[in-house]
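Written out below as structure tokens is the structure these notes cover.
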Amino acid sequence: MPPDDSSTSSAPPSFTMVKIVRYAGMAVLALGAMYYVWLQPPSLTPIVDSRAAEALALVQNNRAIGYPTILQAMTEHVRTMRERNLAARLGEWRVKQVEGDLYEIRVQLRDQGVTGQWFERELIWHADLASKKVNAASLPADGYTPKDTDVAP
């Protein structure tokens with residue numbers, strides 16, 4: 001009977017290669033999952049700071065020129081662009097605390113022109129939670145936000 005070499009010989013090369021490929025695949029999956037979580041879209045990440053959520057609501061529900069709220073004005077703009085067979089996209093609303101009760105709210109608006117060229121505008125507002133006031137901080141946002149003198153009593 002021949003001697004049993006199973007305990008003294010190393011595993012076949014194909015078996016170790018399978019292990020290497022398996023571990024490499026698991027590592028790639030784990031890295032991919034971590035990358036996805038790290039770059040998770042803001043819409044899936046709820047606003048944790050209640051003051052930031054209040055600032056966002058203050059801006060979105062603020063009166064707009066020609067519409068009851070800024071959010072409705074932005075949504076209506078996107079809808080009318082689509083009715084004219086032109087693409088429009090309203091980006092994610094981003095909130096950043098500037099100092100104390102002052103928050104900065106930003107949103108990107110992308111419109112496709114008649115010639116197919118894309119135009120991108122960043123609308124910026126400052127929301128003061130202490131005085132409950134919203135001020136346009138960019139020229140595009142100024143086109144949606146009424147001046148204090150425009151507000152009816």
Side-chain angles (χ1 to χ4, degrees), residues 1-62 64 67-130 132 134-145:
M1 190 165 175
D4 187 14
D5 290 335
S6 63
S7 62
T8 58
S9 68
S10 64
S14 64
F15 180 70
T16 56
M17 186 57 101
V18 168
K19 278 180 119 176
I20 290 172
V21 169
R22 184 179 296 154
Y23 286 125
M26 287 192 296
V28 167
L29 275 173
L31 287 173
M34 287 189 301
Y35 182 73
Y36 174 77
V37 168
W38 184 54
L39 291 180
Q40 187 177 18
S43 63
L44 300 178
T45 307
I47 296 178
V48 178
D49 181 10
S50 64
R51 304 284 287 166
E54 183 182 348
L56 178 61
L58 185 64
V59 168
Q60 287 181 340
N61 295 319
N62 191 58
Y67 294 94
T69 67
I70 289 175
L71 181 60
Q72 287 175 335
M74 304 291 287
T75 305
E76 184 64 19
H77 174 79
V78 171
R79 190 188 66 73
T80 56
M81 290 292 288
R82 290 196 177 139
E83 278 181 357
R84 297 186 321 194
N85 292 327
L86 297 172
R89 181 185 177 276
L90 187 61
E92 298 296 327
W93 294 79
R94 298 178 314 274
V95 181
K96 181 177 97 175
Q97 184 176 13
V98 177
E99 61 181 39
D101 285 337
L102 186 64
Y103 285 83
E104 183 177 86
I105 292 84
R106 294 174 177 250
V107 66
Q108 299 249 328
L109 180 63
R110 294 187 70 213
D111 292 327
Q112 184 180 21
V114 178
T115 61
Q117 184 178 10
W118 284 90
F119 299 95
E120 187 169 312
R121 294 173 279 174
E122 184 169 45
L123 295 95
I124 306 169
W125 291 274
H126 286 155
D128 187 356
L129 296 180
K132 301 289 186 202
V134 172
N135 295 317
S138 69
L139 194 56
D142 198 42
Y144 287 91
T145 312

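Position 1 is the first residue of the sequence, and the numbers go up from there. Just so it is clear, the values below take in all heavy atoms, side chains as well, and ignore hydrogens, waters and symmetry mates.
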* Within a radius of less than 6.0 Å around CG of L139, do more than 12 heavy atoms belonging to other residues, nucleotides or ligands occur? -> no

* Do any N or O atoms from the side chain of T80 and from the backbone of H77 form a donor-acceptor pair under 3.5 angstrom? -> yes

* **Heavy-atom check, side chain of I70 versus side chain of T145, under 4.5 Å** => yes

* **CH2-CG distance between W125 and L56, expressed to the nearest 0.5 angstrom** => 10.0 Å

* **Close side-chain approach of V59 to W93, heavy-atom, < 4.5 Å** => yes

Indicate every side-chain donor-acceptor pair of residues 112-121 with a distance under 3.5 Å to a residue at least two apart or in another chain.
{"from": "Q112", "atom 1": "OE1", "to": "A87", "atom 2": "N", "distance (Å)": "3.3"}
{"from": "E120", "atom 1": "OE1", "to": "R110", "atom 2": "NE", "distance (Å)": "3.4"}
{"from": "R121", "atom 1": "NH2", "to": "D111", "atom 2": "OD2", "distance (Å)": "2.2"}

* Asked: Got a second to check how far R94's CZ is from I105's CD1, nearest 0.5 Å?
  -> 11.0 Å

* Asked: For the atom pair CE (M74) and CD (Q60), what is the distance rounded to the nearest 0.5 Å?
  -> 9.5 Å

* Considering non-hydrogen atoms only, spot the tightest contact between Y144 and A73 and give its length. => CD2-CB, 3.8 Å

* Considering non-hydrogen atoms only, spot the tightest contact between L123 and S138 and give its length. => CA-OG, 3.5 Å

* **Test item: L102 and H126 side chains (from C-beta on) under 4.5 Å apart, heavy atoms** => yes

* Could you give the distance from CZ (R89) to CZ (R82), rounded to the nearest 0.5 Å? -> 9.5 Å

* To do: Nearest 0.5 Å please: distance from the CG atom of N62 over to the CG atom of L71.
  => 11.5 Å

* Structure fact -> Correct closest heavy-atom pair for A127 and L58 would be CB-CD2, 4.1 Å

* So how far is it from R22 CZ to M26 CE, rounded to the nearest 0.5 Å? -> 7.0 Å

